[in-house]
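Keep in mind that what you see is a predicted model, and the values were worked out from it rather than measured.
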Amino acid sequence: MPDRQQPVTDWNPLLRAEFDKPYWKELQAFVAGERAAGPVYPPPSEVFTALHLTPHASVKVMILGQDPYHGPDQAHGLAFSVRTGTPIPPSLRNMFTELTDDLAIERPDHGSLEPWARQGVLLLNTTLTVRAREAGSHQKKGWERFTDRVIQVVNDKREPVVFVLWGNSARAKKALIDAERHHVIEAPHPSPLSAHRGFFGSRPFSTVNEALAANGRSPVDWRL
């Protein structure tokens, strides 16, 4: 699906107004120009993977990332995830370390988080594309306006949602969330630069399931 197309799921009526705004047209023109000039990740057909795999009606957990991975064959439209067979990046390795420490789940031998997404865990980056090998290269081009709207429509859900905010960029989105209706989990980012500052030992996976259970919702099976 080209970037300029819209995610065709139950998200569409909730986000449709964004597609007619000037920033959206400018953003799509920018991304098209970037793709014409060189590699951009993820591929056009995978930009909206998070919205395709996790319909709005199914969202019960939202984990916010920042940029897609900027190395070849890594990003596929789900925050923190890589396809099966792709080497597991450092931040995801740290997530798996915490997963094992938290829930005694055996460390996965692959990095695809699609099973989480299919259980209602929305794995959304705040920027949905990136130039190859240039982290942050597509920030402040318009994607944040779009993903802020995604956060807002999740916040508007009647059912309580667990929001997981790792790192300063994600934590800055807390202002978009009604923390009295929803459950917000915050911690440092799982990257090697910050994981030892409080991500390790934060037990986010069990905390998510405890929050879901407190609201009468089924837990996430975090096994991959």
Side-chain angles (χ1 to χ4, degrees), residues 1-21 23-25 27-28 30-32 34-35 39-86 88-89 92 95 108 110-130 138 141-157 159 161-164 170 173 176 208 212 217-218 220-224:
M1 182 176 68
D3 305 87
R4 65 180 179 274
Q5 289 189 6
Q6 305 161 7
V8 185
T9 66
D10 66 348
W11 292 99
N12 190 274
L14 300 169
L15 301 173
R16 184 177 295 133
E18 301 303 300
F19 307 133
D20 295 325
K21 293 180 180 178
Y23 89 86
W24 181 261
K25 296 178 176 63
L27 169 62
Q28 299 312 310
F30 166 76
V31 174
E34 289 282 281
R35 291 198 187 279
V40 168
Y41 305 126
S45 63
E46 297 178 341
V47 170
F48 298 108
T49 298
L51 301 182
H52 289 151
L53 290 183
T54 312
H56 177 266
S58 300
V59 176
K60 59 185 180 184
V61 180
M62 185 173 192
I63 299 178
L64 280 176
Q66 188 170 345
D67 274 0
Y69 294 121
H70 54 85
D73 302 318
Q74 289 184 308
H76 67 123
L78 292 179
F80 297 106
S81 179
V82 292
R83 288 191 177 283
T84 300
T86 301
I88 298 173
L92 186 54
M95 288 169 57
H110 65 88
S112 174
L113 305 183
E114 287 192 20
W116 296 359
R118 295 185 187 279
Q119 293 180 72
V121 180
L122 181 62
L123 297 158
L124 186 74
N125 283 313
T126 54
T127 301
L128 298 188
T129 56
V130 68
H138 287 189
K141 301 296 182 181
W143 279 126
E144 293 88 347
R145 284 189 61 179
F146 177 72
T147 55
D148 279 0
R149 183 59 187 150
V150 176
I151 296 168
Q152 288 166 343
V153 299
V154 173
N155 179 69
D156 290 342
K157 284 174 67 79
E159 311 92 340
V161 174
V162 184
F163 288 84
V164 181
K173 303 299 182 182
L176 301 174
V208 165
L212 290 171
R217 310 198 75 181
S218 59
V220 176
D221 181 353
W222 297 107
R223 294 172 299 179
L224 295 169

task = Using a 4.5 Å cut-off on heavy atoms from C-beta on, say whether the side chain of P42 contacts that of Y69.
result = no

task = Heavy atoms only: give me the nearest W222-W116 pair and the separation to one decimal.
result = O-NE1, 3.0 Å

message = What verdict does the side chain to side chain contact (heavy atoms under 4.5 Å, CB included) test give for K157 and H56, after you've listed the backbone C-alpha separation in whole Å, the side-chain angles of each residue and the deciding distance to 0.1 Å?
response = CA-CA 9 Å; K157 284 174 67 79; H56 177 266; 3.4 Å; yes

Pair S81, H76: side-chain N/O donor-acceptor within cut-off below 3.5 Å = yes

note = Rounded to the nearest 0.5 Å, the CG atom of L51 sits from the CG atom of L124 at a distance of 6.5 Å

message = Give me the atom names and distance for the closest heavy-atom approach of V61 to V164.
response = CG1-CG2, 4.2 Å

inquiry  = If you compare all heavy atoms of T126 against all heavy atoms of T147, which two are closest, and at what distance to 0.1 Å?
reply    = O-OG1, 2.8 Å

task = Decide yes or no on side chain to side chain contact (heavy atoms under 4.5 Å, CB included) for T54 and V121, but give the supporting numbers first.
result = CA-CA 7 Å; T54 312; V121 180; 6.0 Å; no

query = Roughly how far, to the nearest 0.5 Å, is the CG atom of N125 from the OG1 atom of T49?
reply = 11.0 Å

task = Starting from the C-alpha separation in whole Å, work towards a yes-or-no answer on side chain to side chain contact (heavy atoms under 4.5 Å, CB included) for T129 and E34.
result = CA-CA 10 Å; T129 56; E34 289 282 281; over 6 Å; no

remark   = Note: V161 and V154 closest approach over all heavy atoms is CG1-CG1, 4.0 Å

note = CG (L123) and CG (L64) are apart, to the nearest 0.5 Å, by 9.5 Å

query = Hey, does the side chain of H138 reach the backbone of P68 with a donor-acceptor pair shorter than 3.5 angstrom?
reply = no

inquiry  = For the CG atom of L53 and the CZ atom of R118, what is their distance to the nearest 0.5 Å?
reply    = 4.5 Å

note = Between the CD atom in Q74 and the CG atom in L92, the distance rounded to the nearest 0.5 Å is 10.5 Å

request  = Take L122 and V150 through the test side chain to side chain contact (heavy atoms under 4.5 Å, CB included) and record every step on the way to the result.
outcome  = CA-CA 10 Å; L122 181 62; V150 176; 4.2 Å; yes

message = To the nearest 0.5 Å, what is the distance between CH2 on W143 and OH on Y23?
response = 8.5 Å

ask   = Of the non-hydrogen atoms in H70 and Y41, which two are nearest, and what is the gap between them?
value = O-CE1, 3.4 Å

message = Please tell me whether S218 and K60 have a donor and an acceptor in their side chains that are separated by less than 3.5 angstrom.
response = yes

ask   = Should we count CG of D73 as having more than 12 external heavy atoms under 6.0 Å?
value = no

query = Under the 3.5 angstrom rule, does the side chain of D10 hit a backbone N or O of A57 as a donor-acceptor pair?
reply = yes

request  = Measure across T84 and H110 and return the closest heavy-atom pair with its distance rounded to 0.1 Å.
outcome  = OG1-ND1, 3.8 Å

